[in-house]
Protein chains: 2
Amino acid sequence: MEESSEEVFTDNDNLDEETLFIVSQTFKALGDPTRIRILHLLFNKEYSVNEIAEKLQLKQSTVSHQLRFLKNLRLVKYRRAGTTLFYSHDDQHVIGILKQTIEHALH
Amino acid sequence: MEESSEEVFTDNDNLDEETLFIVSQTFKALGDPTRIRILHLLFNKEYSVNEIAEKLQLKQSTVSHQLRFLKNLRLVKYRRAGTTLFYSHDDQHVIGILKQTIEHALH
DNA sequence: TTAAAATATGAACATATGCTAATATAAGCA
DNA sequence: TGCTTATATTAGCATATGTTCATATTTTAA
């Protein structure tokens with residue numbers, strides 16, 4: 001057996017701090033019903049902040065806060081059109097996991 | 001097109017309360033570093049509560065609490081051997097998602 | 001430049017979460 | 001039975017989280 005040149009495995013059993021942080025943050029984003037509903041709404045098309053608030057019966061402020069959260073994790077992005085911001089999802093991997101899990105939950 | 005006898009789709013755009021709850025609970029379980037570390041440790045083999053505590057440098061109480069959390073969601077199960085309980089994972093789907101996401105985080 | 005529309009931000013609040021110490025339970029064995 | 005080991009439980013605490021109200025910012029257009 002020879003040592004790989006790509007990576008050195010000193011402790012194969014432990015996750016490093018950074019990986020642990022990224023992974024837990026990602027799942028934390030999906031661990032709240034409001035954020036799941038927002039991401040679910042954005043599955044197929046973009047929506048403005050007010051549209052999201054209307055569709056999901058949430059306060060504009062709530063939506064804005066959660067979108068900021070999701071944007072910090074690069075799970076959504078937006079496009080500006082005048083004073084309106086159209087949000088859409090921005091992470092195929094995470095969206096895929098969410099879709100999978102919703103399917104799974106629906107049996 | 002005929003109506004399926006299995007399910008009626010009244011509002012395709014909205015997730016029902018129960019699905020929302022299950023999905024968010026599942027992700028909440030994965031949204032904490034300690035629980036990720038425990039599940040990650042259990043990827044390949046079973047461990048007793050004390051072994052988990054030692055390996056991960058956690059208090060016995062902390063491990064026991066988190067295992068209860070994970071067991072309530074049927075993410076782990078245990079087998080008794082005398083006074084010792086050996087825990088192992090119990091949800092291939094969730095373990096798969098966790099593996100995927102760790103891989104993804106490691107680039 | 002001023003008003004209107006859309007969105008973002010900050011502060012306050014209630015609730016949720018995770019860890020810890022102390023103690024309770026449960027099983028095996030002398 | 002009484003002791004030991006392994007695990008679970010309870011309560012308390014500090015911090016994190018999610019929502020809301022009030023207000024600030026930003027962009028556009030008159």
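Worth knowing before you read on, the calculation uses all heavy atoms, side chains too, and leaves out hydrogens, waters and symmetry mates. Below, chain A is the first sequence line, B the second, and so on; all start at residue 1.
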Hphob cluster co-occupancy, A:I22 + A:F27, side-chain heavy atoms under 4.5 angstrom: no
Over-ring placement of A:K99 relative to A:F43, 6.0 Å and 45° cut-offs: yes
Within 45° cone and under 6.0 Å: A:K71 NZ/CZ vs A:F69 ring: no
Touch class at under 4.0 angstrom, heavy-atom based, for B:Y87 against every strand present: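 B:Y87: backbone/sugar contact only, no base atoms under 4.0 Å.
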Output the rounded distance in Å from [atom1] ([X]) to [atom2] ([N]).
{"X": "A:K71", "N": "C:dT9", "atom1": "NZ", "atom2": "C1'", "result": "13 Å"}
{"X": "B:I52", "N": "D:dA8", "atom1": "CD1", "atom2": "P", "result": "9 Å"}
{"X": "B:F69", "N": "C:dA16", "atom1": "CZ", "atom2": "P", "result": "13 Å"}
{"X": "B:F86", "N": "D:dA8", "atom1": "CZ", "atom2": "C1'", "result": "17 Å"}

If every non-hydrogen atom of [X] is compared with every non-hydrogen atom of [Y], which pair is closest and at what distance?
{"X": "A:S64", "Y": "A:V49", "value": "N-CG1, 4.4 Å"}
{"X": "A:A29", "Y": "A:L70", "value": "CB-CD2, 4.3 Å"}
{"X": "A:I36", "Y": "A:L30", "value": "CD1-O, 3.1 Å"}

N/O (side chain, A:N50) to phosphate O (OP1/OP2, C:dT7) under 4.0 Å: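 Answer yes for this pair, as a side-chain N or O of A:N50 is under 4.0 Å from OP1 or OP2.
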Neighbours of DNA chain C within residues 22-39 of chain A, by heavy-atom distance under 4.0 Å: none
Please confirm whether the backbone N or O of [Y] pairs with a side-chain atom of [X], one donor and one acceptor, at under 3.5 Å?
{"X": "A:S24", "Y": "A:L20", "value": "yes"}
{"X": "B:R35", "Y": "B:K28", "value": "yes"}
{"X": "B:R37", "Y": "B:L56", "value": "yes"}
{"X": "B:Q100", "Y": "B:I97", "value": "no"}

CA sep, side-chain torsions, deciding dist, call: A:K55, A:L41, side chain to side chain contact (heavy atoms under 4.5 Å, CB included): CA-CA 9 Å; A:K55 284 260 186 187; A:L41 182 65; 4.1 Å; yes
Contact state string [nucleotides 24-30 of chain C, B base, S sugar-phosphate only, - no protein heavy atom under 4.0 Å]: ---BS--
Closest listed nucleotide, where the reference is the side chain of B:R68 and the choices are C:dT7, D:dT10, D:dA8: D:dT10
Stretch residues 59-67 of chain A: residues that reach within less than 4.0 Å of DNA chain D through a heavy atom: A:K59, A:S61, A:T62, A:H65, A:Q66
